[in-house]
Amino acid sequence: MADFIDPLKLPNMPELMIAGPGELHEEDLDALSHQVMAHYGDFWTQLHSETVALVTEVMGASEPAYLVPGTGSACLDAAIMNLFEPGQRVVVADTGYFGQRLIQIARAQGLEVIVVEVPPGEAIDPARIADVVAGLDGVLTVHVETATGVRHPIEQIARVAAEAGAACVVDGVASVGAEIASVDQMGLDALVTSSQKGLDGPPGLGMVALSASGRARVEARSIRPPSWYLDLKTWDWFRSEWGAWHPHPVTMPSNLVVALNSSLRRIFERGLDAWVEDRRLLAKRCREGLQDLGFEPIPSPGCEANLVVAAWCEDPAPILTHLLKEEHLMISGGLPPTQGRAIRVGLMGRTATEEMVERVLQGIESALTKP
Ligand SMILES: *Cc1c(COP(=O)(O)O)cnc(C)c1O
């Protein structure tokens, strides 16, 4: 095993300012290193239900959210699978890399997809959705597209969907926790997120929140989804029948749940609105600093996201290399449609601080002035 990586002696890894995941806050690391505990019984059930309550609150839901081992994408699969039936027709905004993932998931589930193209950097125009939604069953969209750093107007899109009688499912992986994103108040049917981005938690958990109208759609299905694990009814059954001691169908990654709980408590101790405002101001500082260095923001004015600051960059590779070598930190390059043409700074987790943003900006400046 001489040439193998020794998992007990990992090298000193670079600090993360990438577009996800974020690094854990020190206190949450302690939760991760706790011994594995049984995923049933009084203590666990209380811990789990408190965590679910915090997740539910951060997603702005009135009925308890689903907390599912797997990532956000597993929950995108679940939301789409539970709200639609094969053969139904949905419109999906192609906002970039994660808009395209929604298209792929919908097609994988046998849905017919009508694609609305969205130019990189622009917010989805709800009128474009309105033009095609008549007679369709759903609208799928990302809230914050991580590839471009654009926040999309999901409230208006949800209104367009509702007026047409179509279900609205939103990928909030890069928004929940970093933006106000409420399944109820924004009139969505389902909102999905992950533990490792705006919630500052460890990777490995996904969440789905349904509104009352989303719940009604799940109840009104004619057939069960073609999955046991991702059928929300499986999760409902354990919640209602085994709720007192084992309120979920599978073994829960207890350490991840505890670390997420710890992280969510930090958010609510600050207050969700204040927390989001902090992120907004940090993103603004980062964006303006990059602009001062000559990098044009990708998002058009007014739709800049809080979690990921994305700017056009002709030659990102030397900048990323310089930051890694000289500052021992990582930011992200582009992702289709900005691949090779952008730098993106992720603001989440332990490193989402003014000091770290200044370090990134200074590091980039020195990369630019390097002989
Ligand atoms: C990161 C990300 C995903 C994928 O989330 P996973 O937890 O890796 O499955 C999906 N959508 C958006 C907008 C993201 O930023």
Side-chain angles (χ1 to χ4, degrees), residues 16-24 55 58-59 65-81 92-106 108 118 120-121 123-124 140-154 157 168-179 181 183 186 188 190-209 229-230 253 256-257 259-260 263 279 283 298-299 303-310 330-339 342 344-349 352:
L16 297 184
M17 296 284 284
I18 58 177
E23 288 190 15
L24 293 184
V55 169
V58 82
M59 298 180 86
Y66 298 88
L67 180 60
V68 179
T71 67
S73 299
C75 284
L76 289 172
D77 245 332
I80 295 170
M81 187 182 288
V92 186
D94 179 358
T95 52
Y97 189 78
F98 290 108
Q100 283 157 17
R101 180 166 301 183
L102 287 176
I103 293 171
Q104 289 173 351
I105 293 174
V118 184
I124 300 165
L140 313 181
T141 178
V142 293
H143 187 190
V144 166
E145 171 57 73
T146 314
T148 58
V150 171
R151 183 187 53 249
H152 293 285
I154 56 169
I157 294 166
C168 184
V169 174
V170 171
D171 170 351
V173 173
S175 66
V176 174
E179 311 272 354
V183 68
M186 291 178 152
L188 317 179
L191 176 64
V192 169
T193 198
S194 289
S195 46
Q196 79 279 14
K197 291 197 176 149
L199 301 183
D200 284 14
L205 291 166
M207 302 100 185
V208 188
Y229 193 94
L230 295 181
L256 299 186
V257 174
L260 177 66
S263 175
R279 283 288 150 97
I298 293 175
C303 63
E304 304 96 337
N306 298 339
L307 189 84
V308 181
V309 174
M330 279 173 85
I331 65 169
S332 293
L335 203 57
T338 66
Q339 195 160 29
R344 295 177 303 144
V345 182
L347 303 171
M348 65 198 92

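Values in this document were obtained by computation on a predicted structure and should not be read as measured data. We number each residue from 1, following the sequence as shown. All ligand and atom numbering here is 1-based and tracks the order in the structure.
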* Using modelled atom types only, decide if a donor and an acceptor are shared between the side chain of Glu145 and the backbone of Val150 within a distance under 3.5 Å. => no

* Structure fact -> In this structure, atom 15 (O) of ligand 1 is nearest to the protein heavy atom Thr146 OG1, 2.4 Å

* Which ligand 1 atoms are under 4.0 Å away from a heavy-atom of Val144? -> 13 (C)

* What part of His143, side chain, backbone, both or neither, has a heavy atom within less than 4.0 angstrom of ligand 1? -> neither

* To do: Pull out every atom of ligand 1 sitting under 4.0 Å from any heavy atom of Lys197, numbered as shown with elements.
  => 1 (C), 2 (C), 3 (C), 14 (C), 15 (O)

* Is the backbone of Ala181 close enough, under 3.5 Å, to the side chain of Ser175 for a donor and an acceptor to pair up by distance? -> no

* Has ligand 1 got any nitrogen or oxygen that is less than 3.5 angstrom from a nitrogen or oxygen of Glu145? -> no

* Asked: Identify the closest protein heavy atom to atom 3 (C) of ligand 1: which residue and atom is it, and at what distance?
  -> Phe98 CE2, 3.3 Å

* For Gly72, is at least one N or O under 3.5 Å away from an N or O on ligand 1? -> yes

* Asked: Just by distance, do the side chain of Arg344 and the backbone of Gly333 share a donor-acceptor pair under 3.5 Å?
  -> yes

* With a cut-off of 4.0 Å, which atoms of ligand 1 are near a heavy atom of Arg101? -> 4 (C)

* Gap separating the SG atom of Cys303 from the CD1 atom of Ile298, nearest 0.5 angstrom -> 11.0 Å

* Those atoms of ligand 1 less than 4.0 Å from some heavy atom in Ser194 -> 5 (O), 6 (P), 7 (O)

* Interfacing atoms of ligand 1 (cut-off 4.0 Å, heavy-atom, Gln196) -> 6 (P), 7 (O), 8 (O)

